[in-house]
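First the structure, in the form of structure tokens, and then the observations on it.
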Amino acid sequence: MSEPNEKTEYLDFIREAVAEDLRTGRFKEVRTRFPPEPNGWLHIGHAKALFVDFGVAQDFGGKCNLRMDDTNPEKEDMEYVEAIKRDVKWLGFDWEDRLFFASDYYEILYELACKLIRKGLAYVDDLDEEQIKEYRGTNVPDKNNITFTPPGRNSPWRDRSVEENLDLFARMRAGEFPDGAKTLRAKIDMAHPNLLMRDPVMYRIRREPHYRTGITWCIYPMYDFAHPLSDAIEGVTHSLCSLEYEIHRPLYEWFIKNTEVFPSRQIEFARLNLSHTVLSKRWLLQLVREKKVSGWDDPRMPTIAGMRRRGYSPEGIRDFLGRIGIAKTDSMVDIQLLEHCIREDLNARARRYMAVLDPVKLVIENWPKGQEEWLDAVNNPEDPEAGTRKIPFSGTLYVDRDDFRETPPPKYYRLYPGNQVRLRYGYVVTCTGYEKDPESGEITLIRCTYDPTTRGGDAPDNRKVKGTIHWVCADHAIPFEARLYDYLFEAERPMEVPEGKTFLDNLSDHSLTIQYNAKAEPAVAEIDVGTTVQFERLGYFCKDPDSTPQRAVFNRTVTLKDTWAKIEKRFQGQA
RNA sequence: UGGGACGUAGGCAAGCGGUAAGCCUCCGGAUUUUGGUUCCGGCAUGCGCAGGUUCGAAUCCUGCCGUCCCAGCCA
């Protein structure tokens with residue numbers, strides 16, 4: 001009996017399928033897995049998969065395994081395993097005691113391969129790489145540019161006896177043949193319209209030390225063979241993966257059926273694409289190798305480690321993951337949605353401080369000489385429990401260069417000669433003049449007078465003061481370095497490039513701006529590395545590990561929404 | 001007809017035959033000691049296109065069109 005106002009809970013197509021499987025008894029419980037290959041660091045695209053894998057399991061009272069899909073000794077490394085574990089944990093997903101490695105299944109996988117040989121469903125092939133390709137056939141465009149796929153041809157070694165195949169396969173394992181000399185292939189159908197079904201390679205010979213099994217093995221299972229069986233070994237009910245594996249599903253099912261193992265079910269969903277971002281390990285690795293960024297954890301990288309260093313919160317990231325949905329449509333998510341989620345989370349939780357990025361000295365001419373006051377400031381207006389702190393104030397302050405104009409543009413209500421602004425938590429001041437370098441034209445000093453009756457910022461006569469700006473007391477200012485980030489790629493789709501160009505040509509030349517002379521209020525000294533705070537009116541900033549006791553470094557996580565920038569741009573457009 | 005999949009607003013995405021949810025962006029306006037936050041309001045006579053079935057179609061049928069994936073002994 002459902003109440004009339006009770007909302008039916010929305011299920012995405014995967015959860016719908018899982019619910020159906022439970023209802024029909026196809027599966028009694030839910031078990032999923034997140035299977036990264038340890039050959040690179042996790043990025044936001046992996047986070048989506050993690051969110052789906054762990055989320056689906058959790059919603060149905062099941063568990064999700066973390067499995068290293070390490071069947072290729074050439075690219076994998078323990079460094080990546082550790083990075084992956086750290087990032088998964090940081091995002092808030094818990095695999096408990098279920099960390100598995102495909103490389104732990106090598107022996108059982110070998111046995112299952114032998115089983116297929118015995119059933120006459122696998123054979124040792126002597127064809128080399130080129131020949132296999134040639135025999136398999138390929139998609140070809142005809143004169144009308146319509147592709148068709150003529151049947152392939154059987155390998156001459158396809159009909160070896162079971163005994164010979166068993167013997168040869170054992171000798172492959174024993175290292176009797178050089179790399180590439182033989183493969184083990186599934187005997188399916190060389191005329192199958194799906195090229196993947198044309199006797200796919202199950203094992204190759206590769207004398208490459210594996211980061212976990214060393215030189216124990218010189219034959220390694222291929223993904224298409226290892227993956228379904230690894231799922232089965234772990235009792236995975238729902239093997240959730242990205243759309244490009246859709247075409248692999250018949251093969252996935254073929255191996256499961258013919259090795260007679262647990263009937264895991266593969267379901268595919270669209271991977272994440274993010275505007276202004278590349279999300280492929282291959283391209284990210286290239287950015288790292290060619291030093292276009294400082295490393296996998298460069299704050300501009302879409303990696304989990306990069307986002308962490310940038311100051312993104314796991315909660316904000318997970319909120320984003322929940323909002324983008326799960327579907328089968330190839331899509332491109334606007335990165336502004338991610339930024340919105342980060343801002344929303346940080347707004348609720350980040351402590352506020354005052355800091356000045358590009359300082360200009362402001363002198364209050366009628367301030368009593370030598371006087372200093374400590375004013376009350378709210379730590380987080382969204383959270384009264386965060387309390388207040390004291391900030392020093394005197395007649396010599398720093399304000400941001402952008403908060404002063406010699407001649408104000410329309411709608412500008414910050415500092416300019418004759419105008420009145422409020423110094424946040426301080427006093428209302430009136431700009432009386434300024435000095436500038438005759439050579440460069442740069443403003444060197446702003447002069448003001450203050451109204452002593454406005455301490456704290458409230459004017460007793462209730463007069464309107466439209467602008468409120470942030471500041472830092474010069475005598476107590478602590479210097480820091482501010483690293484300001486912009487998109488790594490200006491183009492919305494970095495991979496779309498004209499002939500002869502690569503995505504590297506789309507790299508922005510202003511993705512990083514450093515302010516070396518930034519100043520902050522004293523309390524900023526107490527902030528821990530890795531903590532994200534708000535510098536009022538400027539944005540959220542995260543203290544970077546590059547910080548030293550002498551000099552703090554802060555990464556700008558994301559700016560605040562900037563309505564003024566839009567207004568200014570609009571007027572500039574009109575001018 | 002090579003095979004597989006997908007097309008709902010600028011970007012995501014619900015909708016499952018009963019008359020187009022929600023979120024982001026964008027645009028207004030109110031409140032505000034952050035041009036932040038919050039709050040109100042606006043933004044698809046139309047669901048790739050064309051037919052058909054039906055009292056009724058984004059949903060069912062037919063035919064087109066478009067996009068993506070597949071030719072590793074990578075995953």
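Just so it is clear: chains get the letters A, B, ... in the order the sequence lines come, proteins before strands, and each one is counted from 1. Just so you know, these numbers use all the heavy atoms, side chains as well, and skip hydrogens, waters and symmetry mates.
- Checked against a 6.0 Å centroid threshold, the rings of A:Y80 and A:Y211 do not count as neighbours.
- Note on A:Y413: a base of the nucleic acid sits closer than 4.0 angstrom, heavy atoms only.
- At a threshold of 4.0 angstrom between heavy atoms, the contacts of A:I247 include nucleobase atoms, whether or not backbone atoms are also involved.
- Close to B:C27, at under 4.0 Å from its OP1 or OP2, lies a side-chain N or O of A:K566.
- Of the C1' atoms belonging to B:C12 and B:A44, the separation is 15 Å, rounded to the nearest Å.
- The same atom, P, is picked in B:G48 and in B:A20; the two are 16 Å apart, to the nearest Å.
- Residue A:R343 places no side-chain N or O under 4.0 Å from the OP1 or OP2 atom of B:U38.
- At the heavy-atom level, A:R422 lies under 4.0 Å from base atoms of the strands shown.
- Within the nucleic acid shown, A:L338 has no heavy atom closer than 4.0 Å to any nucleic acid atom.
- Base orientation of B:G72: syn (glycosidic angle within 90° of 0).
- Residue contacts shown for A:R414 include a base, since a base heavy atom lies under 4.0 Å away.
- At B:G28, one or more side-chain N or O atoms of A:R570 fall inside 4.0 Å of OP1 or OP2 (strictly under the cut-off).
- Comparing the same atom, C1', in B:G63 and in B:C69 gives a spacing of 25 Å after rounding to whole Å.
- Counting only heavy atoms from C-beta outward, the side chains of A:R282 and A:L284 never approach each other to under 4.5 Å.
- Within 4.0 Å (heavy atoms only), A:H192 reaches no atom of the nucleic acid at all.
- Of the P atoms belonging to B:U59 and B:G51, the separation is 14 Å, rounded to the nearest Å.
- Considering only side-chain atoms of A:T138, the nucleotide from B:A71, B:C68, B:C24 that sits closest is B:A71.
- Shown here, B:C43 forms no base pair; nothing in the strands shown gives a Watson-Crick or G-U wobble contact with both key distances under 3.5 Å.
- At a threshold of 4.0 angstrom between heavy atoms, the contacts of A:I132 include nucleobase atoms, whether or not backbone atoms are also involved.
- When the C1' atom is used for both B:A9 and B:G15, the distance is 15 Å, rounded to whole Å.
- Rounded to whole angstrom, the span from the CD atom of A:E496 across to the C1' atom of B:U67 amounts to 12 Å.
- Rounded to a whole angstrom, the distance from the P atom of B:C49 to that of B:G10 is 13 Å.
- Residue A:Y220 is out of contact with every strand shown, counting any heavy-atom pair closer than 4.0 Å.
- An OP1 or OP2 oxygen of B:G35 is reached within less than 4.0 angstrom by a side-chain nitrogen or oxygen of A:R537.
- A salt bridge is defined here as a Lys NZ or Arg NE, NH1 or NH2 lying under 4.0 Å from an Asp or Glu carboxylate O, and A:E373 with A:R455 meets this definition.
- At a threshold of 4.0 angstrom between heavy atoms, the contacts of A:D128 include nucleobase atoms, whether or not backbone atoms are also involved.
- Below 30°, between 30° and 60°, or above 60°: for A:Y110 and A:F169 the angle between ring planes is below 30°, a parallel geometry.
- Residue contacts shown for A:I324 are limited to sugar-phosphate atoms, with no base heavy atom under 4.0 Å away.
- An OP1 or OP2 oxygen of B:C74 is reached within less than 4.0 angstrom by no side-chain nitrogen or oxygen of A:Y223.
- Residues A:L109 and A:P221 come closest through the heavy atom pair CD2-CG, 4.2 Å.
- Judged by atom type and distance alone, A:Q534 reaches the base of B:U34 through a side-chain donor-acceptor pair under 3.5 Å.
- For a distance-only test at 3.5 Å, the side chain of A:E382 qualifies as a donor-acceptor partner of the base of B:G36.
- Using a 4.0 Å heavy-atom cutoff across all strands shown, A:N39 reaches no nucleic acid atom at all.
- Separation of the C1' atoms belonging to B:U45 and B:G29 is 27 Å when rounded to the nearest angstrom.
- In this model, no donor atom of one side chain and acceptor atom of the other lie less than 3.5 Å apart for A:D53 and A:T32.
- Residue A:K75 is classed as a base contact, given a heavy-atom separation below 4.0 Å to a base.
- Between A:H340 and B:C24 there is a side-chain polar atom (N or O) within less than 4.0 angstrom of OP1 or OP2.
- The phosphate of B:C74 has neither OP1 nor OP2 within less than 4.0 Å of any side-chain N or O from A:R282.
- Of the candidates A:D126, A:D125, A:D199, A:D189, A:D199 is the only one forming a salt bridge (charged side-chain N to carboxylate O under 4.0 Å, His left out) with A:R158.
- Between B:C16 and B:G11, the distance separating the two C1' atoms is 25 Å to the nearest Å.
- Taking the 5.5 Å centre cut-off and the 30° plane limit, the aromatic side chain of A:W564 is classed as stacked on B:G35.
- Residue contacts shown for A:P250 are absent, as no nucleic acid heavy atom lies under 4.0 Å away.
- When rounded to the nearest whole Å, the span between CG of A:L127 and C1' of B:A71 equals 16 Å.
- Side-chain nitrogen and oxygen atoms of A:R204 include at least one within less than 4.0 Å of the OP1 or OP2 phosphate oxygen of B:C74.
- Closest contact between the side chain of A:E536 and the listed nucleotides B:U25, B:U34, B:C73 involves B:U34.
- Partner assigned to B:C6 is B:G66, using Watson-Crick or G-U wobble distances below 3.5 angstrom.
- As the counterpart of B:U31, no nucleotide is assigned, since no Watson-Crick or G-U wobble pattern has both distances under 3.5 Å.
- Residue contacts for A:P38: at a heavy-atom cut-off of 4.0 Å it reaches no nucleic acid atom on any strand shown.
- Across all strands shown, B:A20 remains unpaired; no Watson-Crick or G-U wobble contact has both distances below 3.5 Å.
- No hydrogens or angles considered: nothing links the side chains of A:N419 and A:Y412 as a donor-acceptor pair under 3.5 Å.
- The separation between A:L285 atom CG and B:C74 atom P is 17 Å, rounded to whole Å.
- Between the side chains of A:E234 and A:Y105, at least one donor N or O lies within less than 3.5 Å of an accepting N or O.
- Phosphate proximity of B:A71 to A:T149: absent, as no side-chain N or O sits under 4.0 Å from OP1 or OP2.
- Set against B:U25, B:G36, B:U34, the side chain of A:R352 has B:U34 as its closest nucleotide.
- With hydrogens and angles ignored, no donor-acceptor pair closer than 3.5 Å exists between the side chain of A:Y10 and the base of B:A21.
- Put simply, A:T468 has no side-chain N or O that comes within less than 4.0 Å of OP1 or OP2 on B:U32.
- At a cut-off of 3.5 angstrom, the base of B:C6 holds no donor-acceptor pair with the side chain of A:E268.
- Taking the six-membered ring where the residue is Trp, A:Y487 and A:H276 present parallel rings, their angle staying beneath 30° rather than reaching 60°.
- Comparing B:G15, B:C73, B:G7 by their nearest atom to the side chain of A:V201 picks out B:C73.
- Two residues, A:I469 and A:S331, neighbour RNA chain B, and the one matched to the more 5' nucleotide by heavy-atom proximity is A:S331.
- In this structure, the nucleotide among B:U37, B:C6, B:G4 sitting nearest to the side chain of A:E246 is B:G4.
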